[in-house]
Amino acid sequence: MDAGAPVIAVDGPSGTGKGTVCRRLAQALGWHFLDSGVLYRAVGLAAQRAGVPLNAEQPVAALAANIDLRFVPDPHAEYGMTVLLDGEDISAAIRTEEAGGAASQVAAFPAVRAALLKRQRAFRRRPGLIADGRDMGTVVFPDAALKLFLTASPEERARRRHNQLKEKGIDVSLRALLEDIRARDERDRGRAISPLVPAADARLIDTTAMDVEAVVNEAMRHVREQGLA
Ligand code: DC
């Protein structure tokens, strides 16, 4: 942890191109990258594997505090890194719809979020950190040098997810995805702690009618405007 290292916080729901934009920013600037959703996904998976019910706040939080999680950079991996839980590669297992649902459930618990706070802040190192999540700008790095908040209509986000899954040969109905996105949005926005809302000083980017390239360009414009590149 290096409290002097600058942070760019990128928040918003899934399906906004956030992950891709963050990786591209990290690459362009040569900064470190924190995909905070991975932590919640890993905790959800670890709980399921340990037979800990996802609605049991304290046992899940205890697990979150002690979880042996490692990130190994790998340019060939789909998300640019391999994630190890107790030494086992869980990179694929944490990306399923089910793992996303479990993550959203455990992420609603204050004790779980508190247990993961220090671990997230430890990613802050020079020359800088791109932090991808829901509460990077509001809770984890409130002093971020730049805060971006990406949005897109639920319909467009469902369509993007549908295309992603289709490319992987997974056939899920668009309507089911849309319903799932709406339910998860509601849970993420409505939770009492760290709800998915933009920080007061965040810059909003509505990506509904933009392709990834356009979003990256717009994000880079803000980065330069802020004197970070
Ligand atoms: O970004 P993602 O899809 O990997 O996130 C999975 C879940 O984790 C999502 O439903 C919300 C939760 N999450 C969170 O509450 N706070 C974060 N900083 C990142 C993710």
Side-chain angles (χ1 to χ4, degrees), residues 10-23 26 32-57 59-109 111-120 122-123 129-136 140 150 157-158 160-170 172 176-177 180-181 183-185 187-188 191 194 196:
V10 186
D11 291 304
S14 60
T16 53
K18 199 166 46 100
T20 309
V21 170
C22 283
R23 281 190 297 279
H32 302 281
F33 171 48
L34 163 64
D35 178 351
S36 60
V38 165
L39 297 176
Y40 293 96
R41 286 172 182 265
V43 169
L45 187 72
Q48 282 174 322
R49 288 189 173 177
V52 173
L54 294 177
N55 60 2
E57 179 167 5
V60 177
L63 209 141
N66 298 306
I67 194 171
D68 171 16
L69 202 58
R70 270 169 295 152
F71 298 86
V72 184
D74 176 1
H76 302 297
E78 190 182 353
Y79 291 88
M81 66 180 171
T82 300
V83 184
L84 302 177
L85 171 63
D86 294 324
E88 182 197 332
D89 185 352
I90 56 161
S91 313
I94 55 170
R95 294 300 171 185
T96 63
E97 292 299 302
E98 195 198 346
S104 172
Q105 255 180 287
V106 299
F109 290 132
V112 172
R113 304 198 72 88
L116 294 179
L117 205 51
K118 232 170 91 182
R119 208 183 274 257
Q120 294 175 81
F123 280 80
L129 176 70
I130 310 288
D132 170 347
R134 305 291 190 287
D135 60 343
M136 299 298 101
V140 183
L150 272 50
R157 288 162 48 212
R160 289 173 185 171
R161 183 70 184 144
H162 193 246
N163 285 345
Q164 264 180 1
L165 290 172
K166 221 159 71 181
E167 272 170 28
K168 288 187 192 167
I170 303 168
V172 186
L177 278 176
D180 199 48
I181 280 177
R184 209 176 291 179
D185 276 3
R187 187 161 53 206
D188 289 346
R191 66 182 176 219
S194 293
L196 175 61

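The analysis underlying the following values was restricted to heavy atoms, covering all of them including side chains, and did not include hydrogens, waters or symmetry mates.
Note that the CG atom of Leu34 and the CG atom of Asp132 stand 7.5 Å from one another [nearest 0.5 Å]. Within the model, atoms CG of Asp188 and CD1 of Ile181 stand 11.5 Å from one another, a figure rounded to the nearest 0.5 Å. The CZ atom of Arg191 sits 6.5 Å away from atom CG of Asp135, with the distance rounded to the nearest 0.5 Å.
Counting only N and O atoms by type, the side chains of Arg184 and Ser104 include no donor and acceptor under 3.5 Å apart.
Shown here are the side-chain hydrogen bond (donor to acceptor under 3.5 Å, both in side chains) partners of Arg157, two or more places apart in sequence or in another chain: Asp185. When the side-chain hydrogen bond (donor to acceptor under 3.5 Å, both in side chains) test is applied to Ser36, no partner is found at least two apart in sequence or on another chain. In terms of the side-chain hydrogen bond (donor to acceptor under 3.5 Å, both in side chains) criterion, residue partners of Arg49 (sequence neighbours excluded) are, by chain and number, Glu88. Shown here are the side-chain hydrogen bond (donor to acceptor under 3.5 Å, both in side chains) partners of Arg23, two or more places apart in sequence or in another chain: there are none. With sequence neighbours excluded, the residues forming a ring pair (Phe, Tyr, Trp, His ring centres under 6.0 Å) with Phe71 are Phe123, listed by chain and number.
When all heavy atoms of Gly44 and Leu54 are compared, the pair lying nearest together is O-CD2, 3.8 Å. What you find for Ala42 and Ile90 is that their closest heavy atoms are CB-CD1, 4.0 Å. The two residues Leu63 and Val43 have their closest heavy-atom pair at CD2-O, 4.3 Å. For the pair Thr82 and Ala77, the tightest heavy-atom approach, listed with the atom from each and the gap, is OG1-CB, 4.4 Å. Taking all atoms of both residues into account, the shortest heavy-atom contact from Ile67 to Ala46 is CD1-CB, 4.0 Å. Here the closest heavy-atom approach between residue Leu45 and residue Ala93 is recorded as CD2-CB, 4.0 Å.
Side-chain contact between Leu84 and Leu69: absent, with no pair of heavy atoms (C-beta onward) separated by less than 4.5 Å. Contact annotation: the side chain of Ile170 never approaches that of Glu97 to less than 4.5 Å [non-hydrogen atoms, C-beta and beyond].
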key: Residue pair Val10, Met136: steps toward the side chain to side chain contact (heavy atoms under 4.5 Å, CB included) verdict   = CA-CA 7 Å; Val10 186; Met136 299 298 101; over 6 Å; no

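For residues 63-74, the set of pairs meeting the salt bridge (charged side-chain N to carboxylate O under 4.0 Å, His left out) definition, not counting sequence neighbours, comprises Asp68-Arg70.
Counting non-hydrogen atoms of neighbouring residues, nucleotides and ligands closer than 6.0 angstrom, the CD atom of Gln164 exceeds 12 such neighbours. The environment of NZ in Lys168 is crowded: more than 12 heavy-atom neighbours from other residues, nucleotides or ligands sit within 6.0 Å.
For the salt bridge (charged side-chain N to carboxylate O under 4.0 Å, His left out) criterion with Asp35, the lone passing option out of Lys18, Arg134, Arg95 is Arg95.
Asp180 has no carboxylate O lying under 4.0 Å from a charged side-chain N of Arg161, or vice versa, which leaves the two without a salt bridge.
Without hydrogens or angle criteria, Arg41 side chain to Ile94 main chain gives a donor-acceptor distance under 3.5 Å.
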